2 protein chains.
Amino acid sequence: MGKRGVRLSREAIVGRAVELADAEGLAAVTIRRLAQENAVTPMAMYWHFDDKDSLLDAMAEHLIASVDVPEPTDGPWDGQLRAILAALLAALRPHPAVAGLASARVLATEPGLRLAERVLELLGRAGLDTRRAAEAAMFLVSSVIALVTAAPADRRGPEDEEDAVRQRKARLQALPPSRYPHVVAAAPELANCFDRDGYFDDNLDLLVRGVHGIA
Amino acid sequence: MGKRGVRLSREAIVGRAVELADAEGLAAVTIRRLAQENAVTPMAMYWHFDDKDSLLDAMAEHLIASVDVPEPTDGPWDGQLRAILAALLAALRPHPAVAGLASARVLATEPGLRLAERVLELLGRAGLDTRRAAEAAMFLVSSVIALVTAAPADRRGPEDEEDAVRQRKARLQALPPSRYPHVVAAAPELANCFDRDGYFDDNLDLLVRGVHGIA
DNA sequence: ACCTGAACACCGTTCAAGT
DNA sequence: ACCTGAACACCGTTCAAGT
């Protein structure tokens with residue numbers, strides 16, 4: 001029996017696992033560590049989950065379930081598609097260490113299917129045939145996840161992040177400008193783009209405009 | 001001393017590590033396993049690499065170095081951009097288990113910087129200012145990597161892959177069509193899109209057209 | 001310069017058992 | 001239904017030592 005007599009539950013374990021991943025990275029999420037956090041034996045976890053992989057599945061589903069998919073409107077497809085992708089982004093962004101788990105599992109969870117259904121419908125309205133819509137839907141979801149996970153994995157506190165940005169910038173600016181003129185010129189923007197909201201907004205635009213382009 | 005008196009080398013170890021990841025997944029890439037494959041003690045690895053993380057760095061750099069970046073031409077920017085992204089894709093596609101390591105390390109390797117330099121130059125020619133070009137360049141590279149890594153990680157042989165596709169299709173087609181009409185209708189396309197060249201070609205187009213759209 | 005040997009603190013997982 | 005205890009086969013890594 002766990003701490004203060006509180007029974008374990010799948011939900012509680014998954015929630016703690018996501019917190020752990022946010023704070024210390026996915027590598028810190030360990031059967032034994034999670035057991036310890038809940039003042040319980042490692043083997044107690046195996047009553048709630050078949051194995052570690054199904055724990056990771058549950059973490060991914062937890063994230064996908066937290067997406068607040070906006071209700072359909074009678075507005076144009078592109079605005080609605082953008083809103084759905086933005087909702088996915090908003091749900092994943094606080095959890096960059098976990099987001100990568102979601103990409104392979106969207107079609108295996110109920111909330112993921114609801115999301116896919118909406119995206120497919122809008123892509124059809126945009127003029128894509130079934131195959132192109134399927135391809136684009138999978139890719140759009142993958143890309144939004146990539147938007148979140150691409151940030152260089154910093155295992156530091158939020159204030160050391162500023163140091164990391166400065167250091168990346170300095171490294172890029174120290175490159176030979178004759179070989180890498182554009183990289184050197186764009187060093188400040190390359191070093192901190194993952195911290196700016198514009199990075200996410202502009203690239204969501206790129207994706208939606210891309211759908212326009214192939215429709 | 002290793003098998004048949006052959007000295008270890010960083011290159012040989014990295015090459016074997018990539019092969020291992022291709023065949024059995026990234027989780028199979030282990031200091032101890034790699035040592036065993038080279039008929040050597042695990043600690044021998046630590047003469048060639050600081051730690052496991054620098055081994056993974058080296059694997060990522062190995063992949064990025066294998067990108068055959070096409071020479072600049074005086075053709076239009078969009079065709080050249082597409083060709084560069086296609087070259088990146090072609091290099092990563094045989095190594096889906098390793099490709100994910102590359103996204104955080106592009107700007108930390110020499111071949112990655114060459115690639116970034118070319119992409120930034122072309123995005124500038126497309127009309128993006130320095131900041132938008134930097135954002136888009138990082139995202140385009142991330143997205144191409146996502147294109148490769150998004151495929152559901154099958155740890156099976158190439159012929160069991162057909163079974164996996166059939167099974168995914170059956171699962172999607174068994175869903176209630178009243179709730180998920182578009183998913184059910186697109187089940188065949190959703191289940192096998194990662195195996196079709198069109199998936200990659202069409203989504204490269206989506207990205208390039210997206211740049212057109214925001215320029 | 002390149003590698004070995006022994007040891008340490010971790011993993012995931014199985015199996016039998018307790019209440 | 002929910003959890004413990006002991007055990008097994010793995011990890012990455014350090015430290016001292018060999019040639």
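Since this is a predicted model, take the numbers as computed values, not measurements.
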For A/E71 against A/R118, the heavy-atom pair lying closest together: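 That closest heavy-atom pairing would be C-NH1, 3.8 Å.
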
For A/T149 against A/P96, the heavy-atom pair lying closest together: CG2-O, 3.6 Å

Integer angstrom distance from the C1' of D/dA16 to that of C/dC2: 15 Å

Spacing between [X] atom [atom1] and [N] atom [atom2], to the nearest angstrom:
X	N	atom1	atom2	answer
A/F49	D/dC3	CZ	P	12 Å
A/I13	D/dC2	CD1	P	11 Å
A/M43	D/dT4	CE	P	9 Å
B/W47	D/dT13	CH2	C1'	18 Å

ring-ring contact (aromatic ring centres under 6.0 Å, His included) against B/Y199, all qualifying residues, sequence neighbours excluded: B/F194

Between the side chains of [Y] and [X], is the shortest nitrogen-to-carboxylate-oxygen separation below 4.0 Å, so that they form an ion pair?
X	Y	answer
A/R82	A/D205	yes
B/E117	B/R114	no
A/D197	A/R93	yes
A/R33	A/E24	yes

A/H48 side-chain N/O to D/dC3 phosphate OP1/OP2 under 4.0 Å: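 Yes, such a contact exists.
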
If you restrict it to nitrogen or oxygen atoms, what contacts under 3.5 Å exist between nucleotides 9-12 of chain C and the protein, and what is each distance?
| from | atom 1 | to | atom 2 | distance (Å) |
| --- | --- | --- | --- | --- |
| C/dG12 | OP1 | A/I31 | N | 3.1 |
| C/dG12 | OP1 | A/K52 | NZ | 3.3 |
| C/dG12 | OP2 | A/I31 | N | 3.1 |
| C/dG12 | OP2 | A/R32 | N | 3.3 |
| C/dG12 | N7 | A/R32 | NH1 | 2.5 |
| C/dG12 | O6 | A/R32 | NH1 | 2.8 |

Runs of at least three consecutive pairs that involve DNA chain C, where pairs are Watson-Crick or G-U with distances under 3.5 Å: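 If one scans DNA chain C for consecutive Watson-Crick or G-U pairs, the stems found are C:4-8 with D:12-16, C:12-16 with D:4-8.
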
Proximal nucleotide (of C/dG5, C/dC3, D/dT4) relative to the B/L8 side chain: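 Out of C/dG5, C/dC3, D/dT4, the nucleotide with an atom closest to B/L8's side chain is C/dC3.
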
Interatomic distance, A/L113 atom CG to B/H182 atom NE2 [nearest 0.5 angstrom]: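 Nearest 0.5 Å value for the CG-NE2 distance: 14.0 Å.
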
